Trainee: 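The structure's right below; bear with me while I get my questions together.
All chains are named by letter (A, B, ...) in the order of the sequence lines, taking the proteins before the strands, and each is independently numbered beginning at 1. Reckoned from all heavy atoms, side chains included, excluding hydrogens, waters and symmetry mates. Quantities reported herein were computed from a predicted structural model and do not represent experimental measurements.
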2 protein chains.
Amino acid sequence: MTPQTPKPRSRRERPAKPALTYDGIIATAVQLMQTEGLQRVTMRRLAQELDTGPASLYVYVRNTAELHAAILEELLGEVDLRQAKAARDWRGRLVSVLTSYTMVLFEHPTLAQSALVARPSGKNYLALVEALLALLNEGGVPDAQAAWGVDVLLQVATATAAEQSTRDRAVDAQDEHDALTAALLGASATTHPRIAALGSELLSGSPEARLEWIFRMLINGALHTPRTDD
Amino acid sequence: MTPQTPKPRSRRERPAKPALTYDGIIATAVQLMQTEGLQRVTMRRLAQELDTGPASLYVYVRNTAELHAAILEELLGEVDLRQAKAARDWRGRLVSVLTSYTMVLFEHPTLAQSALVARPSGKNYLALVEALLALLNEGGVPDAQAAWGVDVLLQVATATAAEQSTRDRAVDAQDEHDALTAALLGASATTHPRIAALGSELLSGSPEARLEWIFRMLINGALHTPRTDD
DNA sequence: ACCTGAACACCGTTCAAGT
DNA sequence: ACCTGAACACCGTTCAAGT
């Protein structure tokens with residue numbers, strides 16, 4: 001009689017060390033980010049979580065940037081693409097999808113920072129691009145303009161989320177914001193007439209109100225700016 | 001006869017250790033960035049360059065982010081604001097100034113990355129904002145729209161430069177770009193009809209042509225999108 | 001092929017102690 | 001007030017050696 005249950009050779013107190021796989025590594029990385037933040041998702045810390053040494057991860061992931069890109073692609077699954085079919089005009093639906101994307105990144109602003117540099121190319125990203133292109137097409141934005149415009153829409157949304165990453169590291173960010181506020185409001189009307197004229201208008205509005213206006217102005221810009229390059 | 005030339009108490013082989021000052025630290029930091037790149041402008045490396053320990057720098061600079069922001073503010077002095085007075089229509093001059101800003105950041109894309117997070121507020125930055133606001137005003141962009149629009153213009157320029165920082169670390173970036181190209185061009189017409197319809201159009205155009213179109217569409221968007229929030 | 005220990009070459013930041 | 005040595009708590013990545 002051969003034993004049906006192979007005795008697990010559990011090392012340490014963990015319930016059995018699972019074999020390393022790409023998917024397993026990324027899943028653990030996402031979990032680690034959710035519990036400890038992206039700044040803790042390092043090769044060393046992740047290896048520790050997987051009960052191995054950092055060198056082992058390099059069999060599956062080229063470097064830290066690639067690891068972060070993979071995490072982002074996972075996260076993009078949370079973007080609410082159903083907004084594309086809501087009962088609103090195409091502009092409103094476009095703004096909704098973009099806002100959902102921005103909100104997902106807002107939860108992890110440091111990831112947004114890396115997203116600017118390491119663009120993903122997985123299925124969730126493709127689905128997002130497709131949804132945006134469909135809405136632009138529905139709104140009558142000419143193909144050539146939609147092709148370049150979709151990039152700008154995502155770039156601005158990503159950059160806006162990335163900017164927010166300062167506001168996390170509370171204290172410094174506050175100081176920095178105060179410095180900018182003081183500089184803008186204290187500008188002299190002789191040397192900086194336009195800054196002085198606009199004054200607090202430059203800093204006005206909630207982040208939400210600003211973002212909505214920005215998305216609308218991008219859409220209008222894409223719709224009304226012909227490509228003259230070719 | 002008293003000696004007229006005081007004997008310098010030179011430590012090591014350096015020609016006399018200058019006293020630390022904020023300006024001296026930033027000047028050395030800028031120089032270090034120019035010779036070795038921003039990734040080498042660390043507290044430790046900079047301290048070494050100044051012939052002291054890293055702890056000494058914390059008397060003048062709160063942290064690494066603040067150091068990088070100070071470097072950026074210095075660099076903004078290189079933006080060519082004379083373009084604002086060139087013999088072209090206001091849109092063309094606006095595009096010129098923005099392009100000059102982008103080019104300055106292009107030389108140091110990792111600095112652009114940090115610029116997204118740690119916005120400067122020094123005199124060079126104020127001069128740039130003032131120049132942009134003056135051009136928007138000249139073009140008849142309503143104040144409320146100019147106030148929010150100037151932020152978007154700078155954000156997009158900064159983000160575009162930051163994106164380029166990948167293209168420096170040559171090999172990975174190429175792989176990543178190839179992955180995106182393959183994903184976009186390989187998209188199925190049934191699952192991703194719009195991506196398939198646009199195809200290579202999505203990746204077309206030189207960076208310069210794209211950027212010029214982007215600036216023009218931002219200007220048009222700002223000009224034609226009223227603020228309805230208040 | 002996959003996995004690993006160990007090493008190399010670094011980091012930011014704090015703190016007690018000096019001048 | 002300014003400066004410092006030393007320490008704490010980390011990093012990414014490579015490589016030779018194992019299985």
Side-chain angles (χ1 to χ4, degrees), chain A residues 9-12 14 16-26 28-29 32-33 36-71 110 113-114 117-118 165-166 168-173 175-176, chain B residues 9 11-12 14 16-26 28-29 32-33 36-71 110 113-114 117-118 165-166 168-173 175:
Chain A
R9 292 158 293 122
S10 61
R11 311 184 184 197
R12 315 218 197 289
R14 285 171 193 278
K17 186 179 164 182
L20 288 180
T21 61
Y22 178 80
D23 290 348
I25 289 170
I26 305 305
T28 307
L32 187 57
M33 181 191 63
E36 308 192 9
L38 188 72
Q39 69 280 164
R40 289 271 173 267
V41 186
T42 63
M43 292 303 232
R44 292 182 103 105
R45 180 73 185 76
L46 180 57
Q48 185 190 317
E49 203 69 11
L50 290 161
D51 200 15
T52 182
S56 308
L57 301 181
Y58 284 84
V59 176
Y60 302 92
V61 168
R62 195 189 314 270
N63 51 41
T64 309
E66 194 176 298
L67 176 65
H68 288 180
I71 294 175
T110 46
Q113 241 187 301
S114 81
V117 177
S165 70
T166 334
D168 286 3
R169 295 167 302 156
V171 176
D172 312 351
D175 286 5
E176 197 187 277
Chain B
R9 293 158 293 121
R11 311 184 183 196
R12 315 215 197 290
R14 285 172 193 277
K17 186 178 164 183
L20 288 180
T21 61
Y22 179 81
D23 290 348
I25 289 169
I26 304 305
T28 307
L32 187 57
M33 180 191 65
E36 308 192 11
L38 188 72
Q39 70 278 165
R40 289 271 173 268
V41 187
T42 62
M43 292 304 232
R44 292 182 103 104
R45 180 73 185 76
L46 179 58
Q48 185 189 316
E49 202 69 11
L50 291 162
D51 201 15
T52 181
S56 308
L57 301 180
Y58 284 85
V59 176
Y60 301 92
V61 168
R62 196 189 314 271
N63 52 41
T64 308
E66 195 175 298
L67 176 64
H68 287 179
I71 294 175
T110 46
Q113 241 187 301
S114 82
V117 176
S165 69
T166 335
D168 286 2
R169 295 167 301 157
V171 176
D172 312 351
D175 285 5

Trainee: So B/Leu57 and B/Leu67, do their side chains get closer than 4.5 Å, heavy atoms only?
Mentor: no
Trainee: Under 4.0 Å from OP1 or OP2 of C/dC3: is there any side-chain N or O of A/Tyr60 that close?
Mentor: yes
Trainee: Please work out if B/Ser56 contacts a base, only the sugar-phosphate, or nothing of the nucleic acid, heavy-atom cut-off 4.0 Å.
Mentor: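 The residue B/Ser56 makes base contact.
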Trainee: Given atom CZ of A/Arg45 and atom P of D/dA9, what is their separation to the nearest angstrom?
Mentor: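 To the nearest whole Å, that distance equals 15 Å.
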Trainee: Could you give the CG-to-P distance, from B/Leu57 to C/dG12, as a whole number of Å?
Mentor: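 Answer to the nearest Å: 10 Å.
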Trainee: Does C/dC3 pair with anything, Watson-Crick or G-U wobble, both distances under 3.5 Å, and if so, with which nucleotide?
Mentor: none
Trainee: Side chain of B/Leu20, heavy atoms from C-beta onward: which of C/dT13, C/dC3, D/dT4 has the nearest atom to it?
Mentor: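 The closest nucleotide is D/dT4.
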Trainee: Starting at atom CD of A/Glu49, determine the distance to atom P of D/dC10, rounded to an integer number of angstrom.
Mentor: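 The distance from CD of A/Glu49 to P of D/dC10 comes to 14 Å, rounded to the nearest Å.
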Trainee: Taking only N and O in the side chain of B/Thr52, is any of them less than 4.0 Å away from OP1 or OP2 of D/dC3?
Mentor: no
Trainee: Give a yes/no on whether any side-chain N or O of B/Thr64 is located under 4.0 angstrom from OP1 or OP2 of C/dT13.
Mentor: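 Answer yes for this pair, as a side-chain N or O of B/Thr64 is under 4.0 Å from OP1 or OP2.
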Trainee: In terms of the nearest nucleotide of DNA chain D, which residue is placed more toward the 5' end: A/Ala55 or A/Arg40?
Mentor: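 That would be A/Arg40.
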Trainee: Is A/Ile71 close to A/Leu38 at the side-chain level, that is, under 4.5 Å between some pair of heavy atoms?
Mentor: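 With C-beta onward as the side chain, the pair touches.
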Trainee: Determine whether B/Arg45 and B/Glu49 make a side-chain contact, defined as any pair of heavy atoms from C-beta on separated by less than 4.5 Å.
Mentor: yes
Trainee: I need the CZ-P distance between A/Arg62 and D/dG12, as an integer number of Å.
Mentor: 17 Å
Trainee: Figure out the CG/C1' separation between B/Leu67 and C/dT13, and round it to whole Å.
Mentor: 14 Å
Trainee: Should D/dC8 form a Watson-Crick or G-U wobble pair with both distances under 3.5 Å, which nucleotide is its partner?
Mentor: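 Base-paired to C/dG12.
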Trainee: Scan every strand shown for a Watson-Crick or G-U wobble partner of D/dA17, both distances under 3.5 Å, and answer none if you come up empty.
Mentor: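 Partner of D/dA17: none.
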Trainee: Could you give the CG-to-P distance, from B/Leu46 to C/dC11, as a whole number of Å?
Mentor: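 B/Leu46 atom CG is separated from C/dC11 atom P by 11 Å.
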Trainee: Rounded to whole Å, how long is the line connecting atom CE of B/Met43 with atom P of D/dC8?
Mentor: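 My rounded result for the distance is 21 Å.
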Trainee: Figure out the CG/P separation between A/Leu50 and C/dT4, and round it to whole Å.
Mentor: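 Checked: the CG to P distance equals 10 Å.
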Trainee: Do B/Thr110 and B/His68 have side chains that approach each other closer than 4.5 Å (heavy atoms only, starting at C-beta)?
Mentor: no
Trainee: Using the P atom as the reference point in each nucleotide, state the distance between C/dA9 and D/dC10 in Å, no decimals.
Mentor: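 C/dA9 and D/dC10 have their P atoms separated by 23 Å.
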Trainee: For DNA chain C, whose closest nucleotide is more 5', that of B/Arg44 or that of A/Pro54?
Mentor: A/Pro54
Trainee: Pair A/Leu20, A/Val59 - check side chain to side chain contact (heavy atoms under 4.5 Å, CB included), show working.
Mentor: CA-CA 10 Å; A/Leu20 288 180; A/Val59 176; over 6 Å; no
